[in-house]
Trainee: 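So that we are looking at the same thing, I have put the structure below in structure tokens.
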Amino acid sequence: MALGKYIPEEVELKWQKVWKDSGCFEVEVDPSKPKYYVLEMFPYPSGKIHMGHIRNYSIGDVVARFKTMQGFNVLHPMGWDSFGLPAENAAIKNKTHPAKWTYQNIAEMREQLQRMGYSYDWRRELATCRPEYYKWEQKFFLKFLEKGLAYRKHSPQNWCPSCNTVLANEQVEDGLCWRCESEVEQKDMEQWFLRITDYADELLNDLKTMDGGWPERVLTMQRNWIGKSYGAELTFQVKDMDETITVFTTRPDTLFGATFMSVAAEHPMVEALTADADNKAEIDAFVTNIKNMDRIKRGADDLEKQGIFTGKYCINPLSGAEIPIFIANFVLMGYGTGAVMAVPAHDQRDFEFAKKYDLPIKTVINPPDLHGKGEILNESEMGEAYTAPGVLVNSGDFDNMQNEPAKKAIVEHLDKSGLGKISINYRLRDWNVSRQRFWGAPIPIIYCDDCGAVPVPEDQLPLLLPENAQVRADGKSPLPAMEEFVNCTCPKCGKAARRETDTFDTFFESSWYYMRYCDPRNDTEPFSAEATDYWMNVDQYIGGIEHAILHLLYSRFFTKALRDTGFIKTDEPFANLLTQGMVLKDGGKMSKSKGNVVDPNAMINEFGADATRLFILFASPPIKELEWSDQGLEGAFRFLSRLWRLIEGLEDTLEPVQPTSFNDPQVDAAKRLRFKEHDTVRRATRDIENEFQFNTVIAAVMELVNEIYALKNELKDAAPRALSSAIATAVTLLSPITPHVCEELWQALGHTNTLTKQAWPTFDESALVKDEVTMVVQVNGKMRGKFVVANNTPKDEVEKIALGLENVTTHTDGKTIRKVIVIPNKLVNIVAN
RNA sequence: GCGGGCGUGGCGGAAUUGGUAAACGCGUCAGAUUUAGGAUCUGGUACCUCACGGUUUGGGGGUUCGAGUCCCUCCGCCCGCACCA
């Protein structure tokens with residue numbers, strides 16, 4: 001058939017329709033085939049697709065198509081993370097309902113994704129703002145409540161004054177709201193939490209099982225975030241009071257060196273400790289000052305250490321020494337117990353504090369070299385704390401012990417009198433899932449004056465978000481003022497009661513959507529065991545690094561929590577994670593403020609979806625940053641046109657043969673082409689399997705096309721089947737990357753199947769064996785010549801040829817040949833001096 | 001400060017893992033074709049040198065017959081964590 005001119009839009013729309021009509025991307029559970037689940041992080045439907053989306057989804061699409069061609073039953077779904085603040089803000093601006101804005105955006109973005117030709121099973125599309133979806137997470141919440149995994153607590157929370165809602169710890173970056181970058185305040189509130197800390201250990205330990213599957217830096221970030229530290233809790237009696245203070249320390253071995261104690265300004269004992277102090281007013285001012293300091297300033301690394309004496313002392317449980325209790329600005333209530341035993345000789349912070357307030361410094365860990373000489377580290381000469389290992393001194397019965405074993409010995413000793421125990425501390429906090437916003441899934445709880453917080457009965461789910469709500473100009477949720485929503489009766493006692501008006505954090509929805517994709521239309525359960533047993537877990541997950549903690553940690557937790565509530569059998573949701581690099585323009589991030597945003601639609605209209613996909617995958621490996629280039633995109637288009645013209649020009653010659661099917665080379669050119677063809681399959685397969693290096697896959701196919709161009713006139717009559725085979729190979733290898741144009745060319749070659757049903761080409765090792773090889777000759781490691789010999793020519797023969805080369809002798813004349821190294825079929829290095 | 005990554009032509013980036021550095025593409029130069037072309041084709045293009053040849057993977061040192069690749073050290077950039085007791 002005649003190809004005519006390459007008009008991307010025509011070709012692309014044609015094949016998109018063929019794929020859609022044939023349902024070739026629709027998959028079902030099929031235990032007879034190996035499954036492969038490839039997933040890209042689903043988008044928030046902001047309305048316009050951007051280059052980051054295109055990159056993310058193009059990478060995923062190549063993986064999906066490649067794995068399909070390799071014979072896997074590939075699940076590749078797409079949907080919408082459609083609850084969230086921007087919809088609400090847009091609705092306020094346009095005086096409409098967030099749902100309307102959201103569904104419009106979804107329709108637009110769906111069209112744009114479809115225009116890219118991605119191989120999604122669109123039947124599985126889901127939107128998290130639909131009751132059919134959030135119904136199930138309301139159910140999960142009730143189950144978590146039953147299991148004690150969800151609970152309500154009154155405590156200081158991160159409050160974003162601009163978003164009008166609380167934030168989880170993970171959603172505060174450097175004291176700023178992750179969404180709007182407003183300064184986050186502290187506010188006492190009663191909120192719903194999920195006990196992610198119950199899973200701290202499992203979340204940490206299982207990171208080991210993902211080694212190799214996840215990027216090292218994401219694993220590190222999660223480890224840091226969980227922040228496990230081993231230590232002890234030690235209890236100090238307060239002198240002249242019937243009170244104790246417990247500290248967390250990782251260095252119980254230094255207990256004898258504790259010369260004072262520091263507590264946080266928020267510590268619950270502060271009021272009692274200072275109640276009868278002479279300078280009560282001064283202390284109160286100091287405490288208020290710290291509490292009012294904003295998070296950024298308080299967390300700054302150059303914050304000067306400040307403290308104030310409470311007037312009270314406590315008793316060192318081992319030495320019996322009386323040590324003063326200070327309130328200090330660097331002690332955090334949110335970590336450990338909010339109280340620290342201060343050992344200035346062996347902790348740099350305590351050292352600085354002691355110097356400033358002239359507090360005693362006492363060496364209890366002696367450096368090994370000094371200890372050997374019978375000397376003890378002199379406190380008055382110390383310029384900084386000694387934090388390295390050593391031997392205990394000034395520590396009573398524990399003297400001369402190595403400090404590591406002493407840790408355990410001291411805690412065990414204190415344990416007998418109930419004053420100390422081994423303790424493991426985490427930085428991770430429970431997940432606050434309450435949000436004071438409208439556009440989210442309602443939390444299914446009813447408050448009754450008599451019965452307290454009562455779960456909405458399961459048969460009343462979904463608890464619907466009212467469609468008639470009118471968003472408020474001030475950004476506050478309209479729910480509390482909606483009587484028809486708030487007023488209800490207590491499911492337990494039947495008396496009048498009020499509904500919870502907070503909604504779930506939107507990370508709640510994204511924590512399990514990948515499970516719902518397995519069985520998205522199920523209306524009797526969130527997903528069937530049959531579906532999730534087969535499809536889960538996700539084999540390859542692809543998305544941005546910005547979720548290294550947030551979404552990825554919550555999802556890991558959710559998977560484990562759903563496992564323990566009997567919904568699923570999986571331990572970890574994502575076996576392999578690829579974090580794609582950012583798309584840059586002129587060396588920087590694309591942003592509206594810089595005015596350097598490239599609109600994908602314009603590119604697709606001018607050069608087509610295929611050229612856009614080709615460029616974005618060719619310009620850089622997926623994990624690295626990508627510098628956008630309009631000229632590069634044109635180059636991609638040029639290559640596709642060149643391939644198109646190649647086939648168009650050979651229409652009378654080419655036959656519909658299978659890739660790598662030509663195996664009877666009679667002439668040198670055919671042999672050469674066959675070698676290149678098989679070598680390209682080898683390289684392409686290897687590079688895809690090695691971290692999806694599509695850039696080099698494309699380069700290899702370009703080389704093959706160049707080779708075909710170079711040999712086509714010679715082979716047109718001599719070996720037309722060699723050309724047909726090589727071209728079939730090029731088109732097939734390229735098809736996951738530029739699927740539309742490849743389908744068109746495949747059809748033009750005379751094939752009647754579509755490439756979606758074509759197997760990934762295989763190569764023949766024997767085709768890669770060359771009759772002749774080019775060998776390089778070096779003299780003292782410098783290249784001096786080349787020669788061609790028969791493959792596997794014996795070493796001594798090769799050596800003889802090499803030594804005889806003219807350009808070699810000019811460099812060896814007058815020198816003694818010390819050694820000749822021969823690497824078969826590759827290189828000869830002559831060592832001479 | 002701690003942890004991780006990176007540094008290769010004018011640019012994006014390759015290098016079968018210790019064996020011809022700069023594949024592929026962009027840009028650019030020359031030629032061909034064309035009424036013309038930002039179309040297409042052919043050829044050149046790391047640097048210095050008329051040439052022979054020499055130099056080159058952030059700098060310096062080392063291991064090796066041989067180093068972009070391994071080791072040490074310094075410099076620069078990026079990312080994460082950071083008063084976490």
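Below, all heavy atoms of this structure are taken into account, side chains as well, without hydrogens, waters or symmetry copies. Residue numbering restarts at 1 for every chain, and letters A, B, ... go by the order of the sequence lines.
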Trainee: Is B:C84 paired to anything, Watson-Crick or G-U wobble with both distances less than 3.5 Å, and if yes, which nucleotide?
Mentor: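 In the structure as shown, B:C84 has no Watson-Crick or wobble partner.
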Trainee: Counting heavy atoms from C-beta on, name the nucleotide in B:G3, B:A23, B:A85 closest to the side chain of A:S229.
Mentor: B:A85
Trainee: Please state whether the base of B:C81 and the side chain of A:N224 form at least one donor-acceptor pair under 3.5 Å?
Mentor: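 By the distance-only test, no, there is no pair.
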Trainee: Between B:C81, B:G3, B:C24, spot the one nearest the side chain of A:T220, thanks.
Mentor: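 Shortest atom-to-atom distance from the side chain points to B:G3.
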Trainee: Quick one, which residues of residues 247-261 of chain A touch RNA chain B with a heavy atom under 4.0 Å?
Mentor: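 By residue number: A:F248, A:T249, A:T250.
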Trainee: Calculate the interatomic distance between A:N695 atom CG and B:A14 atom P; express it in whole Å.
Mentor: 5 Å
Trainee: Would you classify B:G59 as syn or anti? Syn applies when the glycosidic angle is within 90° of 0.
Mentor: anti
Trainee: Starting from the 5' end of RNA chain B, give me the residue, A:D347 or A:E216, whose nearest nucleotide shows up first.
Mentor: A:E216
Trainee: Please list, in numerical order, the residues of residues 680-691 of chain A that have a heavy atom closer than 4.0 Å to any atom of RNA chain B.
Mentor: A:R686
Trainee: Does any N or O donor sit under 3.5 Å from an N or O acceptor when you compare the side chain of A:K819 with the base of B:C65?
Mentor: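 Per atom types, no contact qualifies.
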Trainee: Pick the C1' atom in B:C72 and in B:A22, then give their distance to the nearest Å.
Mentor: 28 Å
Trainee: Side chains of A:N791 and A:E772: donor-acceptor distance under 3.5 Å anywhere?
Mentor: no
Trainee: In terms of the angle between their ring planes, are A:H547 and A:H551 parallel, tilted or perpendicular, with boundaries placed at 30° and 60°?
Mentor: perpendicular
Trainee: Is the backbone N or O of A:T197 less than 3.5 Å from a side-chain atom of A:Y426, with the two atoms forming a donor-acceptor pair by type?
Mentor: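 No; judged by distance alone, with no hydrogens or angles, the pair does not exist.
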Trainee: A:Q631 near the nucleic acid: base, sugar-phosphate alone, or nothing, with a heavy-atom cut-off under 4.0 Å?
Mentor: sugar-phosphate
Trainee: Return the nucleotide paired to B:U69: Watson-Crick means purine N1 to pyrimidine N3 with N6-O4 or O6-N4, wobble means G-U with N1-O2 and O6-N3, both under 3.5 Å.
Mentor: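 Base-paired to nothing in any strand shown.
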Trainee: Which is more 5' along RNA chain B, the nucleotide nearest A:N425 or the one nearest A:V831? Just name the residue.
Mentor: A:V831
Trainee: Taking atom C1' in both B:G9 and B:C24, what distance in whole Å separates the two?
Mentor: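 Each nucleotide's C1' atom is 14 Å from the other's.
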Trainee: Grab the CZ-P distance between A:F637 and B:U40 for me, whole Å please.
Mentor: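 Value for this atom pair: 9 Å.
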Trainee: Base contacts versus sugar-phosphate-only contacts with protein, heavy atoms under 4.0 Å: please encode nucleotides 41-56 of chain B as B, S and - from 5' to 3'.
Mentor: S-----------SSS-
Trainee: Roughly how many Å is it from CD1 in A:I545 to C1' in B:G80, rounded to a whole number?
Mentor: 9 Å
Trainee: Does A:F607 reach the side chain of A:F615, with side-chain heavy atoms less than 4.5 Å apart?
Mentor: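 Answer no - side chains too far apart.
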Trainee: Mind checking who B:C77 pairs with, Watson-Crick or G-U wobble, both distances under 3.5 Å?
Mentor: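 Paired with B:C77, as far as the under-3.5 Å criterion goes, is B:G5.
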Trainee: Could you work out the separation of B:G76 and B:A23 based on their P atoms and round it to a whole Å?
Mentor: 32 Å
Trainee: Taking atom C1' in both B:C65 and B:G59, compute the distance separating them and give it to the nearest angstrom.
Mentor: 26 Å
Trainee: I want to verify a distance call: between B:C84, B:A14, B:G25, whose nearest atom is closest to the A:P621 side chain?
Mentor: B:A14
Trainee: In the structure shown, which nucleotide is the Watson-Crick or G-U wobble counterpart of B:U45, with both distances under 3.5 Å?
Mentor: B:G27
Trainee: Tell me whether the guanidinium CZ or amine NZ of A:R642 lies under 6.0 angstrom from the six-membered ring centre of A:Y709 and within 45° of its axis.
Mentor: yes
Trainee: Take atom P in B:U28 and the same atom in B:U33, then report the distance between them in whole Å.
Mentor: 22 Å
Trainee: Nearest whole Å is fine: how far is B:C81 P from A:L553 CG?
Mentor: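 Interatomic distance, CG of A:L553 to P of B:C81: 13 Å.
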Trainee: Determine the Euclidean distance between corresponding P atoms of B:G10 and B:G5; express it in Å to zero decimal places.
Mentor: 28 Å
Trainee: Touch check for A:Q348, heavy atoms < 4.0 angstrom, all strands: base, sugar-phosphate only, or nothing?
Mentor: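 Result for A:Q348 = nothing.
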Trainee: Under 4.0 Å between any heavy atoms, over every strand shown, what does A:N706 touch: base, sugar-phosphate, or nothing? Just pick one.
Mentor: sugar-phosphate
Trainee: Any idea which of B:U40, B:U20, B:A23 is nearest the A:A699 side chain?
Mentor: B:A23
Trainee: Determine the contact category for A:E625: base if any of its heavy atoms lies under 4.0 Å from a base atom, sugar-phosphate if only primed atoms, P, OP1 or OP2 are that close, otherwise nothing.
Mentor: sugar-phosphate
Trainee: Choose from B:G19, B:G12, B:A85 the nucleotide whose nearest atom is closest to any side-chain atom of A:L827.
Mentor: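 Per side-chain heavy atoms of A:L827, the pick is B:G19.
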Trainee: Does A:Q222 use its side chain to pair, donor to acceptor, with the backbone of A:L204 at less than 3.5 Å?
Mentor: no
Trainee: Could you tell me which residues satisfy side-chain contact (heavy atoms from CB on, under 4.5 Å) with A:E352, sequence neighbours excluded, listed by chain and number?
Mentor: A:K305, A:Q348
Trainee: Does the A:H346 side chain pair with the main chain of A:V364, one donor and one acceptor, at a distance under 3.5 Å?
Mentor: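 Flag set: sc A:H346 to bb A:V364 pair under 3.5 Å.
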Trainee: In plain terms, say whether A:D679 and A:R682 are close enough for a salt bridge, that is, a side-chain N and a carboxylate O under 4.0 Å apart.
Mentor: yes
Trainee: Does A:T793 reach the main-chain N or O of A:V798 with its side chain, forming a donor-acceptor pair under 3.5 Å?
Mentor: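 Answer holds: no.
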Trainee: Looking only at heavy atoms, what is the nearest atom pair of A:L745 and A:V731, with distance?
Mentor: CB-CG2, 4.3 Å
Trainee: B:C65, B:G25, B:A14: which one has an atom nearest the side-chain heavy atoms of A:T696?
Mentor: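 So the nucleotide nearest the side chain must be B:A14.
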Trainee: Answer with base, sugar-phosphate or nothing: what part of the nucleic acid does A:R217 contact at a heavy-atom distance below 4.0 Å?
Mentor: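 Contact class for A:R217: sugar-phosphate only.
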Trainee: Could you check how far CD1 of A:I823 sits from P of B:U20, rounded to whole Å?
Mentor: 11 Å
Trainee: Once you apply the 3.5 Å cut-off to both distances, tell me the Watson-Crick or G-U wobble partner of B:U33, or none.
Mentor: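 Because no pair has both required distances under 3.5 Å, B:U33 counts as unpaired.
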Trainee: Judged by atom type as modelled, is there a donor-acceptor pair below 3.5 Å linking the side chain of A:R613 to the main-chain atoms of A:I737?
Mentor: yes
Trainee: Report the distance from atom CG of A:L550 to atom P of B:C81, rounded to the nearest whole Å.
Mentor: 11 Å
Trainee: Expressed as a whole number of Å, how far does the C1' atom of B:G53 sit from that of B:U69?
Mentor: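 Each nucleotide's C1' atom is 27 Å from the other's.
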Trainee: Report the glycosidic orientation of B:U40: syn if within 90° of 0, anti in every other case.
Mentor: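 B:U40: anti.
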Trainee: Give every donor-acceptor pair under 3.5 Å between a side-chain atom in residues 249-257 of chain A and any protein atom, sequence neighbours left out.
Mentor:
residue	atom	partner	partner atom	Å
A:T249	OG1	A:R251	N	2.9
A:R251	NE	A:D253	OD1	3.2
A:R251	NE	A:D253	OD2	3.3
A:R251	NH2	A:D253	OD2	3.1
A:D253	OD2	A:N403	ND2	3.0
A:T254	OG1	A:R251	O	2.8

Trainee: State the pairing partner of B:G18; accept Watson-Crick or G-U wobble contacts with both distances under 3.5 Å, and report none otherwise.
Mentor: none
Trainee: From B:C24, B:U20, B:G12, pick the nucleotide closest to the side chain of A:K786?
Mentor: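 Nearest to the side chain of A:K786 among the choices is B:U20.
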Trainee: Is it the case that the side chain of A:T337 and the backbone of A:T246 share a donor-acceptor pair, with hydrogens and angles ignored and the cut-off at 3.5 Å?
Mentor: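 Yes.
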Trainee: Between B:C71 and B:G7, how far apart are the P atoms? Round to whole Å, please.
Mentor: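 Those two atoms are separated by 14 Å.
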Trainee: Write down the distance between CG (A:L643) and P (B:U40), rounded to a whole number of angstrom.
Mentor: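 Atom-to-atom, A:L643 to B:U40, this comes out as 14 Å.
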Trainee: Between C1' on B:C77 and NZ on A:K624, what's the gap in Å once rounded to a whole number?
Mentor: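 These atoms are roughly 13 Å apart.
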Trainee: Is the closest side-chain donor-acceptor distance between A:N425 and A:S229 under 3.5 Å?
Mentor: no
Trainee: Can you name the side-chain contact (heavy atoms from CB on, under 4.5 Å) partners of A:P324, sequence neighbours left out?
Mentor: A:F260, A:F309, A:Y313, A:F326, A:L359
